[in-house]
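I have placed the structure first, in the form of structure tokens, so that the comments after it can refer back to it.
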Amino acid sequence: MNKPFIVILMGSDSDLPIMEASFEVLKKFEVPFEVKVLSAHRTPEATHRYVKDADQRGCAAFICAAGMAAHLAGAVAANTLKPVIGVPINSSLDGLDALLSTVQMPGGIPVATVAIGKAGAKNAAYLAAQIIGVSDGSLHQKLLEERAANARAILEKDAALQEKLKSL
């Protein structure tokens, strides 16, 4: 059986610098992924075919990045029962148009929507890894270990701050 993978779809190649944050997270956790540029509006048939094919090949979740009208995540969600995570891209109106287009889905066609931009791209990859981690104990453990390391780093920073404050 093939290892589950994540599909990252971008509405435009201009989304690449933002979505590279997703690549980094998935690589860190050794989660396989595919990346494509497809458009809900300009390539609807190709998008539909690719989503159906990825579904059949074992895609575990889709991450969809788009700006402006941002219908890519919704178009994907309409064609799969796999989790779809939308990343709004700031291409106009400070990304609020993309955020609202991504998050306002009709009942029964959910899209998990993360923050606008690079933070959203990073969190989309973490969420996708967590989805796979539900059935992959090794990945789940890696995610737990990173959370613990992040907590330790914050506590260490606080301890350093407390020491510094004592000398004031």
Side-chain angles (χ1 to χ4, degrees), residues 1-67 70-89 98-99 101-103 105 108-154:
M1 187 169 167
N2 290 339
K3 189 172 182 177
F5 63 96
I6 302 300
V7 166
I8 299 172
L9 299 176
M10 298 178 290
S12 169
D13 63 345
S14 64
D15 302 335
L16 181 60
I18 292 166
M19 294 311 296
E20 287 174 334
S22 288
F23 306 172
E24 293 167 14
V25 171
L26 295 173
K27 284 178 185 175
K28 175 172 46 175
F29 291 111
E30 300 174 348
V31 174
F33 62 95
E34 297 177 3
V35 181
K36 291 201 57 91
V37 175
L38 290 169
S39 169
H41 301 109
R42 293 179 291 249
T43 61
E45 294 87 9
T47 301
H48 176 84
R49 279 192 309 273
Y50 180 76
V51 169
K52 291 296 186 183
D53 178 64
D55 233 351
Q56 292 171 355
R57 291 184 293 112
C59 172
F62 293 86
I63 296 173
C64 301
H71 293 296
L72 184 57
V76 170
N79 286 288
T80 184
L81 290 178
K82 301 291 171 62
V84 176
I85 306 162
V87 180
I89 301 295
L99 174 65
S101 292
T102 305
V103 78
M105 292 299 300
I109 310 293
V111 170
T113 307
V114 293
I116 298 167
K118 201 165 267 198
K122 192 173 184 179
N123 277 339
Y126 276 104
L127 182 55
Q130 289 173 325
I131 288 166
I132 293 175
V134 167
S135 60
D136 181 335
S138 173
L139 178 56
H140 182 79
Q141 187 59 41
K142 288 178 188 175
L143 289 161
L144 286 172
E145 289 168 5
E146 186 186 59
R147 283 271 179 108
N150 289 340
R152 281 191 306 275
I154 293 296

Side chain to side chain contact (heavy atoms under 4.5 Å, CB included) between Lys52 and Asn79: does it pass, once the steps are laid out? CA-CA 7 Å; Lys52 291 296 186 183; Asn79 286 288; 4.1 Å; yes
[X] and [Y]: which non-hydrogen atoms are nearest, and at how many Å?
| X | Y | value |
| --- | --- | --- |
| Ala70 | Thr102 | CB-OG1, 3.5 Å |
| Ile63 | Met19 | CG2-CE, 3.8 Å |
| Val111 | Ile85 | CG1-C, 4.4 Å |
| Ile6 | Ala60 | CD1-CB, 4.3 Å |
| Thr113 | Val103 | OG1-CA, 3.5 Å |
| Pro88 | Ala115 | CD-O, 3.6 Å |

Near Arg57 CZ, under 6.0 Å, is it more than 12 heavy atoms from other residues, nucleotides or ligands?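 Yes, enclosed.
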Quick check on Lys122: does its NZ atom have over 12 non-hydrogen neighbours (other residues, nucleotides or ligands) under 6.0 Å away? no
Looking at [Y] and [X], is there a salt bridge between them, counting it only when a charged N and a carboxylate O are closer than 4.0 Å?
| X | Y | answer |
| --- | --- | --- |
| Lys28 | Glu146 | yes |
| Lys142 | Glu30 | yes |
| Arg152 | Glu145 | no |
| Arg49 | Asp53 | no |

Step by step, work out the side chain to side chain contact (heavy atoms under 4.5 Å, CB included) result for Leu143 and Tyr126. CA-CA 9 Å; Leu143 289 161; Tyr126 276 104; 4.2 Å; yes
Of Val76, Asp15, Val51, which meets side-chain contact (heavy atoms from CB on, under 4.5 Å) against Cys64? Val76
If the plane angle is over 60° it's perpendicular, under 30° parallel, otherwise tilted; pick one for Phe33 and Phe23.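 The arrangement is parallel - the two ring planes meet at less than 30°.
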Got a second to check how far His71's NE2 is from Ser39's OG, nearest 0.5 Å?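 Between atom NE2 of His71 and atom OG of Ser39 there are 10.5 Å.
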Is any side-chain heavy atom of Val31 closer than 4.5 Å to one of Leu139? yes
In the structure I gave you, are the side-chain heavy atoms of Lys36 and Met10 within less than 4.5 Å of one another anywhere? no
Do Glu34 and Tyr50 meet the criterion of a side-chain donor-acceptor pair at a distance under 3.5 Å?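 Result is yes, a qualifying pair exists.
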Applying side chain to side chain contact (heavy atoms under 4.5 Å, CB included) to Ile116 and Ile89, what does each step give before you reach the verdict? CA-CA 6 Å; Ile116 298 167; Ile89 301 295; over 6 Å; no
Counting only N and O atoms by type, is there a donor-acceptor contact under 3.5 Å from the side chain of Lys82 to the main-chain atoms of Phe62? no
